[in-house]
Amino acid sequence: MDKEENEEASVSISNNDTDTNGLDDDDYDDDDGKHTVMLGPQVPLKDHLELDKDDDSLRRWKEQLLGDVDTTKLGETAEPEVTILNLTILTPERPDLVLAIPLVLDDKGYAFALKDGSTYSFRFSFTVSNNIVSGLRYTHTVWKTGVRVEKQKVMLGTFSPRQEPYTYEAEEDTTPSGIFARGSYSAKLKFVDDDGNVYLDMNYCFEIRKDWPATA
């Protein structure tokens, strides 16, 4: 994804915050509501637009925040609605693999397979409706044979509602290599916001193989 596209996707997008310390998954899980930032009661976006409407500086700030939001289509619901549409696996060795969410498993129960020692990155597409979502973030935790091998905590930012999907591409990574790295992995992907709203809480399995799976 181009840098300009990434910047347009959000009011603010921060760098990845990857947690690789030795804590267990429950020791510091900032997406389960235990560390929720209290922002006060939400109001419908229509009502928000009416607040301080005579203040020119606040009006300009709201216009900048909302961009091209069609205010005639805003609902009366205070809670934002975020839908994670798909997960795309990007690698220079293969065509982009777009996986709809919920993930469809193969006959062995895997959502996808990666080649060991290969370079890849994940790209997410999602929509926001009804209201502004504040502090949208995700955690992605991976286990092999019951041992946690990776945990990422990534802040995406604050997003206004719009019809066009947003996209976010994670930093490039490399799968582990060697015979002991191959095999089955389990993972958990969770999207939440600063109000503790959970938009996706998904467990799945994937496989690391010696070679890429054959394309259809």
Side-chain angles (χ1 to χ4, degrees), residues 1-20 30-31 67-68 80-106 110-129 132-143 149-177 185-193 197-209 211-216:
M1 180 173 59
D2 294 336
K3 181 179 180 182
E4 294 181 356
E5 182 184 357
N6 195 26
E7 290 175 347
E8 292 174 358
S10 163
V11 176
S12 64
I13 293 180
S14 69
N15 293 328
N16 290 9
D17 176 15
T18 303
D19 175 21
T20 57
D30 62 353
D31 59 3
D68 57 356
E81 184 175 325
V82 178
T83 302
I84 314 302
L85 301 175
N86 55 56
L87 163 66
T88 300
I89 299 175
L90 310 169
T91 173
E93 302 178 42
R94 307 270 286 184
D96 295 352
L97 178 60
V98 182
L99 304 172
I101 293 178
L103 299 174
V104 178
L105 307 182
D106 63 16
Y110 297 128
F112 55 84
L114 301 173
K115 179 181 179 294
D116 72 339
S118 60
T119 301
Y120 74 98
S121 61
F122 287 152
R123 183 171 65 205
F124 300 103
S125 295
F126 59 94
T127 57
V128 178
S129 57
I132 296 170
V133 58
S134 176
L136 182 65
R137 60 192 184 274
Y138 73 84
T139 59
H140 187 226
T141 311
V142 180
W143 296 267
V149 295
E150 181 180 15
K151 182 174 183 180
Q152 293 182 322
K153 296 180 290 187
V154 181
M155 173 61 72
L156 301 181
T158 297
F159 300 84
S160 60
R162 72 179 192 187
Q163 289 186 324
E164 180 184 354
Y166 291 100
T167 59
Y168 172 80
E169 184 173 330
E171 292 185 354
E172 195 173 75
D173 203 350
T174 303
T175 58
S177 60
Y185 290 75
S186 59
K188 178 179 181 179
L189 179 63
K190 191 172 183 178
F191 280 77
V192 298
D193 67 12
N197 298 311
V198 179
Y199 301 107
L200 180 69
D201 190 354
M202 180 177 68
N203 294 285
Y204 67 95
C205 294
F206 67 95
E207 184 182 20
I208 291 182
R209 303 170 47 167
D211 299 298
W212 289 105
T215 55

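- Panel note: side chain T175, backbone G117; a donor-acceptor pair is recorded below 3.5 Å.
- Taking both residues in full, the closest heavy atoms of L103 and A111 are given as CD1-CB, 3.7 Å, listed atom of the first, atom of the second, then distance.
- Here the side chains of I89 and L99 are in contact, with some heavy-atom distance below 4.5 Å.
- Between F126 and Y166, the ring center distance clears the sub-6.0 Å criterion.
- A centroid separation of less than 6.0 Å is found between the aromatic rings of F124 and F191.
- At least one side-chain heavy atom of Y138 sits under 4.5 Å from a side-chain heavy atom of L156.
- No side-chain heavy atom of V82 sits under 4.5 Å from any side-chain heavy atom of D193.
- Across all non-hydrogen atoms, the minimal contact from S129 to P161 is CA-CB, 3.7 Å.
- No donor-acceptor pair closer than 3.5 Å links the side chain of R94 to the backbone N or O of L97.
- Across Y120, F206, Y185, W212, a single residue satisfies ring pair (Phe, Tyr, Trp, His ring centres under 6.0 Å) together with F112, and that is F206.
- For the atom pair NZ (K190) and CG (L200), the distance works out to 10.0 Å, reported to the nearest 0.5 Å.
- Closest approach of H140 to F122, counting heavy atoms only: CE1-CE1, 3.7 Å.
- Side-chain N or O atoms of T91 include one that pairs as donor or acceptor with a backbone N or O of T119 at under 3.5 Å.
- To the nearest 0.5 Å, atom OG of residue S177 and atom CD1 of residue I208 are 9.5 Å apart.
- Distance CZ/R123 to CG/N86: 8.0 Å, rounded to 0.5 Å.
- Inter-residue side-chain proximity for T141 and E150 is flagged as unmet; no heavy-atom pair is nearer than 4.5 Å.
- A heavy-atom distance below 4.5 Å is found between the side chains of I132 and T158.
- Summarising the geometry, atom OG1 belonging to T83 is positioned 10.5 Å from atom CD1 belonging to I101; distances are rounded to the nearest 0.5 Å.
- Residues D173 and E171 are not in side-chain contact: their nearest non-hydrogen atoms beyond the backbone lie 4.5 Å or more apart.
- Within the 4.5 Å cutoff, the side chain of V154 has no heavy atoms near those of the R137 side chain.
- When all heavy atoms are compared, the tightest approach of M155 to L136 is SD-O, 3.4 Å.
- Considering OG1 of T139 and CG of L189, their distance stands at 7.0 Å, rounded to 0.5 Å.
- Using a 4.5 Å heavy-atom threshold, the side chains of M202 and K188 count as separate.
- Between the OG1 atom in T88 and the CG atom in L90 there is a gap of 6.0 Å [rounded to 0.5 Å].
- Here the shortest heavy-atom pairing between S125 and T167 reads OG-CG2, 3.5 Å.
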